[in-house]
Amino acid sequence: AISGTVVWSELERTSSLVADAGAVTALRTGAVTGVATDLMAPKDASRLTLVGAGAQARDQVLAVNTVRPLTSVCVVGRDLGRAAALASVL
């Protein structure tokens, strides 16, 4: 799991925004995956094999699906239970 806190501050307004670092990291990594997929994957790609079923896996699939509508996702992981749990929510 990714733990931490991200704080954005504005000096002029003396206001801050506090966010969970794990959520921010997952969104950022997913966004980069989406951009990379859009630039490098064939336009007709529709199948994804995901190696790993960790904390960021779901966001990775969602990002790819945003730029390449997926018809199937294969999840490969060391822990069959985690891979199955991820597959069940996709």
Side-chain angles (χ1 to χ4, degrees):
I2 300 166
S3 63
T5 303
V6 176
V7 179
W8 289 275
S9 298
E10 288 188 50
L11 296 175
E12 296 81 24
R13 296 184 186 179
T14 64
S15 61
S16 298
L17 173 67
V18 178
D20 173 58
V24 172
T25 296
L27 287 172
R28 182 190 67 228
T29 304
V32 170
T33 298
V35 170
T37 299
D38 198 35
L39 292 172
M40 296 187 290
K43 297 297 181 197
D44 62 347
S46 63
R47 294 179 294 160
L48 175 68
T49 298
L50 184 68
V51 179
Q56 296 182 21
R58 182 178 173 274
D59 289 307
Q60 300 296 309
V61 175
L62 294 175
V64 172
N65 191 55
T66 298
V67 296
R68 296 291 184 278
L70 297 171
T71 59
S72 68
V73 177
C74 176
V75 179
V76 179
R78 292 181 294 169
D79 183 325
L80 182 58
R82 286 181 71 169
L86 174 63
S88 73
V89 299
L90 296 178

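Keep in mind that what you see is a predicted model, and the values were worked out from it rather than measured.
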Say whether, by atom type as modelled, one donor and one acceptor occur between the side chain of D59 and the main chain of L27 under 3.5 angstrom.
no
CG/L48 to OG1/T37 distance, rounded to the nearest 0.5 angstrom?
7.5 Å
Under the side chain to side chain contact (heavy atoms under 4.5 Å, CB included) rule, collect the residues that match up with V24, sequence neighbours excluded.
V6, W8, A19
Minimum heavy-atom separation for L62 to T66, with atom names?
O-OG1, 2.8 Å
In one Ile/Leu/Val/Met/Phe/Trp/Tyr side-chain cluster, 4.5 Å: V89, V75:
yes
Would the distance check show the side chain of R68 and the main-chain N or O of D38 forming a donor-acceptor pair, the cut-off being under 3.5 Å?
yes
Determine which pairs satisfy side chain to side chain donor-acceptor pair (under 3.5 Å) with at least one residue from residues 25-34, sequence neighbours left out, and list them in order.
T29-Q56, T33-Q60
Looking at G30 and A63, what are the two nearest heavy atoms and their distance?
O-CB, 2.8 Å
Starting at CG of L50, measure out to CG of L86 and round the result to the nearest 0.5 Å.
6.5 Å
Roughly how far, to the nearest 0.5 Å, is the OG atom of S72 from the CZ atom of R47?
6.0 Å
Would a distance-only check, ignoring hydrogens and angles, find a side-chain to backbone donor-acceptor pair under 3.5 Å from R82 to G77?
no
Main-chain N/O of T71 paired with S46 side-chain donor or acceptor, under 3.5 Å:
no
Closest heavy-atom pair, V7 versus S16, reported as atoms and distance to 0.1 Å, is CG1-CB, 4.3 Å
Transitive ILVMFWY side-chain link V64 to M40, under 4.5 Å:
no
